[in-house]
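What you see is a predicted model; the values in this text were computed from it and never measured.
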Amino acid sequence: MQKHTGGTQRRKECSSMNTHSLFSYDFPKRSIIASATTLKKARNPQSAECKILLRMMSEHPDFEVAEKTIQKKPGKQTYKGLTFGTMEDYIQTQDNSKKQLAIYQAVRRMAKIKGKEYALTKHWFLQSYPDYKEKAIAQQELHALLPKEETSVVSLANAANL
């Protein structure tokens, strides 16, 4: 049995760190697993992440360090570019926009109080406007900008990767 020295010092430097959420062991693969963010922080020799990783590596010298792979759900709908400004602009184009903007502002304030401003506001927006589609909006905007051009709005949107 090995004797641990400096245990109280280690607890002090890592007391605010939860090693279980930063690193994990994969015993069958003989690996120490961490997220890309944690590994980036561990590159700093003064960081708590580095100290924890070094301790784990010393306890298991034959283990490799591996980056955790994030599994993406196939077919998941994403809304890249859906910002608060985009939501407000879209609401202004709808019928009864003044009332809807007031509701939107109230939802946004409540969501901010709950600490989930973007997530809850986006959820409300997508529930309230199920027909919202970024490509359709981009094509409408391009069509409004270039109504007399010979180039197809659809081909412009495709060229712009929208």
Side-chain angles (χ1 to χ4, degrees), residues 1-92 100-139 141-142 157-162:
M1 181 180 264
Q2 292 182 347
K3 187 175 181 180
H4 292 286
T5 58
T8 55
Q9 182 182 6
R10 183 181 300 131
R11 272 191 221 104
K12 285 180 185 175
E13 69 190 26
C14 301
S15 63
S16 64
M17 292 276 149
N18 182 356
T19 59
H20 296 294
S21 64
L22 296 175
F23 300 95
S24 63
Y25 289 110
D26 185 343
F27 286 99
K29 293 182 181 177
R30 305 178 75 75
S31 299
I32 299 170
I33 311 295
S35 69
T37 303
T38 300
L39 291 175
K40 185 175 180 180
K41 289 177 183 178
R43 289 184 193 135
N44 177 356
Q46 302 302 315
S47 71
E49 290 85 356
C50 181
K51 293 171 185 170
I52 293 167
L53 180 58
L54 288 173
R55 178 179 48 86
M56 293 174 81
M57 290 172 65
S58 70
E59 292 171 357
H60 300 281
D62 56 335
F63 277 38
E64 294 180 358
V65 177
E67 184 177 319
K68 179 180 179 179
T69 56
I70 306 298
Q71 303 217 353
K72 296 186 180 184
K73 295 179 184 175
K76 180 183 175 194
Q77 176 68 43
T78 60
Y79 295 93
K80 182 180 174 186
L82 182 59
T83 63
F84 292 123
T86 306
M87 290 183 230
E88 290 174 16
D89 291 344
Y90 184 80
I91 293 169
Q92 289 175 356
Q100 288 301 102
L101 275 173
I103 294 170
Y104 163 81
Q105 294 297 338
V107 167
R108 189 169 169 189
R109 279 192 303 275
M110 300 267 284
K112 189 173 187 177
I113 290 168
K114 291 184 177 188
K116 298 180 179 180
E117 183 178 10
Y118 180 76
L120 294 176
T121 305
K122 179 181 94 172
H123 180 75
W124 171 85
F125 177 80
L126 294 173
Q127 291 292 318
S128 300
Y129 300 100
D131 294 334
Y132 173 81
K133 290 184 178 57
E134 293 173 61
K135 284 188 176 188
I137 302 302
Q139 288 177 358
E141 289 175 357
L142 283 172
N158 290 337
N161 213 11
L162 298 174

Enquirer: Find the distance between CD1 (Ile32) and CG (Leu39) and round it off to the nearest 0.5 Å.
Expert: 10.0 Å
Enquirer: Looking at His123, I want to see if its NE2 is surrounded by more than 12 non-hydrogen atoms of other residues, nucleotides or ligands under 6.0 Å.
Expert: no
Enquirer: Hey, does Tyr25 have a side-chain heavy atom less than 4.5 Å from the side chain of Ile33?
Expert: no
Enquirer: Any chance CD of Glu64 has more than 12 other-residue heavy atoms, nucleotides or ligands included, within less than 6.0 Å?
Expert: no
Enquirer: Would you check if Val107 and Phe125 make a side-chain contact, meaning some heavy-atom pair closer than 4.5 Å?
Expert: no
Enquirer: Can you find a pair of side-chain heavy atoms, one from His60 and one from Phe27, that are under 4.5 Å apart?
Expert: yes
Enquirer: Do you know the tightest heavy-atom contact between Cys50 and Pro45?
Expert: SG-CA, 3.8 Å
Enquirer: Using residues 65-75 as the side-chain source, report each donor-acceptor pair under 3.5 Å to any protein atom, sequence neighbours left out, with the distance given to one decimal.
Expert:
none

Enquirer: State, to 0.1 Å, how close Phe63 and Asp26 come at their nearest heavy-atom pair, and which atoms those are.
Expert: CE2-O, 4.4 Å
Enquirer: Got a second to check how far Gln105's CD is from Met110's CE, nearest 0.5 Å?
Expert: 13.5 Å
Enquirer: As an exercise, state the distance from CD of Glu117 to CZ of Arg109, rounded to the nearest 0.5 Å.
Expert: 11.0 Å
Enquirer: With a 4.5 Å limit on heavy-atom distance, are the side chains of Tyr129 and Gln100 in contact?
Expert: yes
Enquirer: What are the two closest heavy atoms between Gly81 and Thr86, and how far apart are they?
Expert: O-OG1, 3.1 Å
Enquirer: Using the test salt bridge (Lys or Arg N to Asp or Glu O under 4.0 Å), find all partners of Glu88 that sit at least two apart in sequence or belong to another chain.
Expert: Arg108
Enquirer: Over 60° means perpendicular and under 30° means parallel, so tell me whether Tyr132 and Tyr90 are parallel, tilted or perpendicular.
Expert: perpendicular
Enquirer: Using only atom types and a distance under 3.5 Å, with no angle test, would you say the side chain of Tyr104 pairs donor to acceptor with the backbone of Thr121?
Expert: no
